[in-house]
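No experiment lies behind these values; they were computed from the predicted model shown. Throughout, protein chains are lettered first and strands after them, A, B, ... in sequence-line order, and every chain is numbered starting at 1.
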Amino acid sequence: NAGVTQTPKFRVLKTGQSMTLLCAQDMNHEYMYWYRQDPGMGLRLIHYSVGEGTTAKGEVPDGYNVSRLKKQNFLLGLESAAPSQTSVYFCASSLPSSGANVLTFGAGSRLTVL
Amino acid sequence: RKEVEQDPGPFNVPEGATVAFNCTYSNSASQSFFWYRQDCRKEPKLLMSVYSSGNEDGRFTAQLNRASQYISLLIRDSKLSDSATYLCVVAWGGGSYIPTFGRGTSLIVHP
């Protein structure tokens, strides 16, 4: 049981380049999330999804797009990367119907934008 | 204005000490409360949920004070392996039930 898998784990981009982070979960979770974590800022929610085909903005959505075409996958896209998007990105999933919205996280993706 | 506030620390304590962290939240409609632990350069992992009546898991005790809108985490007999960042997480309803994280409190346990 892999849980939540993020790819890639590391990436270096130049300003203006585009890329997609992939999050995959095999726990049949309904909800999926993308967070970014910066020093001193804690985890901030970028976008989330409460089910296949639905997405919603979180606290810091600007500069990012997401898609949830399949229940098990949640993609985070950067169309034109900026140095301010240098961060560690965490994907998480959860099953609120289980009674408590406990998050299971992936191992993180470290992105550097030069 | 952050909806979930924590003292960032660091809390620097000797092995065997008792240490307590508080976390305040601004939304009185909050329904679920958790403590997560995050080791350096790793993903957060659930430490424990926080129930209205308070709950204990070994050396860890979590309490909720709805009137004052804060939760607490008490760690007894600290171990070197307890060194980590402790994240307070609060979720409220309104349809989506999305968790919000505090910035975390850093704990360093030294010999």
Side-chain angles (χ1 to χ4, degrees), chain A residues 2-6 9-10 21 23 25 27 29-51 54-61 66 74 87-112, chain B residues 1-10 21 23-27 29-53 55 57 62 64 71 84-107:
Chain A
V4 178
T5 302
Q6 292 182 230
K9 288 185 169 53
F10 302 93
L21 296 175
C23 177
Q25 53 95 4
M27 298 172 286
H29 282 178
E30 286 294 329
Y31 285 26
M32 295 187 75
Y33 315 78
W34 275 107
Y35 289 90
R36 62 177 288 174
Q37 187 172 37
D38 303 292
M41 298 298 292
L43 282 126
R44 292 183 292 169
L45 184 63
I46 305 171
H47 286 279
Y48 64 97
S49 168
V50 301
T54 70
T55 62
K57 294 180 180 179
E59 181 185 356
V60 288
V66 288
F74 195 29
S87 188
V88 179
Y89 292 85
F90 287 102
C91 176
S93 69
S94 68
L95 190 63
S97 58
S98 65
N101 200 12
V102 174
L103 303 185
T104 300
F105 282 87
S109 298
R110 284 166 174 75
L111 175 66
T112 301
Chain B
R1 182 181 64 86
K2 189 72 174 172
E3 294 169 329
V4 180
E5 297 276 5
Q6 294 182 253
D7 180 346
F21 310 135
C23 165
T24 59
Y25 59 93
S26 60
N27 190 331
S30 298
Q31 296 178 328
S32 298
F33 309 88
F34 310 90
W35 285 101
Y36 281 70
R37 171 193 169 127
Q38 185 174 26
D39 293 297
C40 188
R41 301 179 72 80
K42 299 283 191 179
E43 73 272 24
K45 293 184 178 178
L46 179 69
L47 178 66
M48 58 197 303
S49 301
V50 186
Y51 303 120
S52 296
S53 56
N55 48 298
D57 183 1
L64 167 64
I71 66 172
T85 297
Y86 292 83
L87 303 169
C88 171
V89 182
V90 176
W92 45 85
S96 294
Y97 210 43
I98 301 301
T100 297
F101 284 74
R103 297 182 183 185
T105 297
S106 175
L107 172 65

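With a 4.5 Å cut-off on non-hydrogen atoms, B/P8 does not touch chain A at all.
B/T100 and B/Y25 are not linked by any side-chain donor-acceptor pair at a separation below 3.5 angstrom, with hydrogens and angles left out of the test. No hydrogens or angles considered: nothing links the side chains of B/D7 and B/T105 as a donor-acceptor pair under 3.5 Å.
Ranked by non-hydrogen atom pairs under 4.5 Å with chain B, the options A/L103, A/V4, A/T104 are led by A/L103. The candidate with the highest count of non-hydrogen atom pairs below 4.5 Å against chain A, out of B/K45, B/K42, B/R41, is B/R41.
In this structure, CD on B/Q6 lies 11.0 Å from OG on B/S106, to the nearest 0.5 angstrom.
Counting all heavy atoms, side chain and backbone alike, A/S93 lies closest to A/M32 at CB-CG, 4.0 Å.
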